[in-house]
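Read the numbers this way: they start at 1 and go in the same order the structure lists the ligands and their atoms. Quick note: numbers below take in every heavy atom, side chains included, and nothing from hydrogens, waters or symmetry partners.
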Amino acid sequence: MNILIVGTGYVGTTTGLIFSEMGHQVTGLDLDKNKIKALKAGQLHFYEPGLEDLLSKHVTAETIKFTKKAKKAIKENDVIFICVGTPKGTDGSADLTYVKSVAESIGKYMNRYKVIVTKSTVPVGTADLVTKWITESQEDPIPFDVVSNPEFLREGSALQDALNPDRIVIGATSEKARAIMKELYKDFNCPIVETNPKASEMIKYAANSFLAMKISYINELARVCDVLKINVNEVSRGMGLDHRIGPHFLHAGLGYGGSCFPKDVTALIQIAKENETALTILEKVVQVNEALPLTLIEKLKQALGGDLTNKTIAILGLAFKANTDDTRESPSLILIDRLKAEKGKVRVHDPIVKLDGPPEQFPSIEETVAGADALIICTDWEVYKHLDWASLKPLMGQPNIFDGRNMLDKEIVEGLGFHYVGVANH
Ligand code: UDX
């Protein structure tokens, strides 16, 4: 099939490459000329393990092409995936400006029957809106169908997740569109959930919000465990072995960040509000998550005599999680802002992320921790697990480790004379 992917971010690029891999002819469309230029040259404009090899394979084989020319791309393709951003609007709801603009272009330029698929996470009812926007932009009434087909891939493991999904959700109202979507996904070995567009849109928000809730649950429990001197990691393991609960998303730490959870949880709360109902449980999920960096600051203050003025704090990790260069809603950046407000001196390190401006960033961990009164592990990069703590200790001003991701072996670092504070890591 001829597939057009509109929006070449994490979701769009990965989705496009997966379909190329399945034998389809794919075109990636984006307005950003720098992204298109890089992708045409087989270069990813973001960091995602394993994806660049697949990109270069399909660019060379010409099974994926990239373009800025919307009119031609829309005319030539039969299935159009909308993978543009849906950022958080001022009231917390998802901003559909980009989705609307794509829908209007589709309406304007379409020349024959097409299936338009929303892959971006969009509010319940967006498929109907996309239908309306396309219809209003058409000069002649050409038939089309809008399908909701949310994506569940995670950054950092996008390729593996997209190749091996737990399920594929197809929200369609027309049999013709449903059949085309099932044909597209016929080589995937997982259950297909066939439903209507609204339920499909809700499934995506419900899944992300549930995972965020699991994280906030374990983080709130960690506060109680901390007081009771219980190791929360052992509690997570004991809980997670129950099949009804499962082991994933029970890792206590600095909380969730990224481009999806913070945005999607608030969007779902907003959807409930707009429909004169409430999702109070999710309001608490957000509150718990937002309090986590502040709790760490309090612990830091306690260890450093109650005041952070002119204290040197080394931050290890800027990305919102390991294996990505994405810093959107990263707990690390929230912590850095707070430290600056407390007049601390911040030095930062990340193996992949490069900041444009302050705080001062260093290429090596040795330089980052030099003279530091404390270091804080903010991102679960594998490299931080295997540091030579014995040689780092003499470089620091004071041997304080705050392990925001519960990554280190407490006994080892304490044995070396560090003052170690994890997240209920007793
Ligand atoms: C998420 C969803 O998992 C994915 O299905 C959806 O398509 C997009 O949003 P992503 O944001 O890429 O994916 O990362 P994920 O691995 O889910 O982690 C989200 C955040 O939660 C990260 O900040 C991570 O550090 C944090 N997290 C995750 C925890 O704090 N504890 C955990 O146990 C798991």
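- Taking a cut-off of under 4.0 Å to the non-hydrogen atoms of Asn208, the atoms of ligand 1 that pass are 2 (C), 4 (C), 5 (O), 6 (C), 9 (O).
- In terms of polar-atom proximity, Lys321 is counted as a contact of ligand 1, with an N or O under 3.5 Å from an N or O of the ligand.
- Below 4.0 Å from some heavy atom of Gly255 lie the following atoms of ligand 1, by number and element: 23 (O), 30 (O).
- Closest to atom 3 (O) of ligand 1 by heavy atom, among Lys204, Arg154, Arg405, is Arg154.
- For the pair Glu155 and ligand 1, the shortest N or O to N or O distance falls below 3.5 Å.
- Distances from atom 34 (C) of ligand 1 to the heavy atoms of Phe152, Phe261, Phe249, Phe320 show the closest one on Phe249.
- For ligand 1, the atoms lying closer than 4.0 Å to a non-hydrogen atom of Cys260 are 8 (C), 9 (O).
- In terms of polar-atom proximity, defined here as any N/O pair under 3.5 Å, Leu153 does make such a contact with ligand 1.
- Taking distance alone, with nitrogen or oxygen atoms compared against 3.5 Å, Leu250 approaches ligand 1 more closely than that limit.
- Counted by atom type alone, Ser259 and Glu155 present one or more donor-acceptor pairs between their side chains at under 3.5 Å.
- Ligand 1 does not have Gly253 within reach: every non-hydrogen atom of the residue lies 4.0 Å or more from it.
- Looking at ligand 1, you'll find an N or O of His251 within less than 3.5 Å of one of its N or O atoms.
- When heavy-atom distances to ligand 1 are checked against a 4.0 Å cut-off, Lys214 has no atom that comes that close, whether in backbone or side chain.
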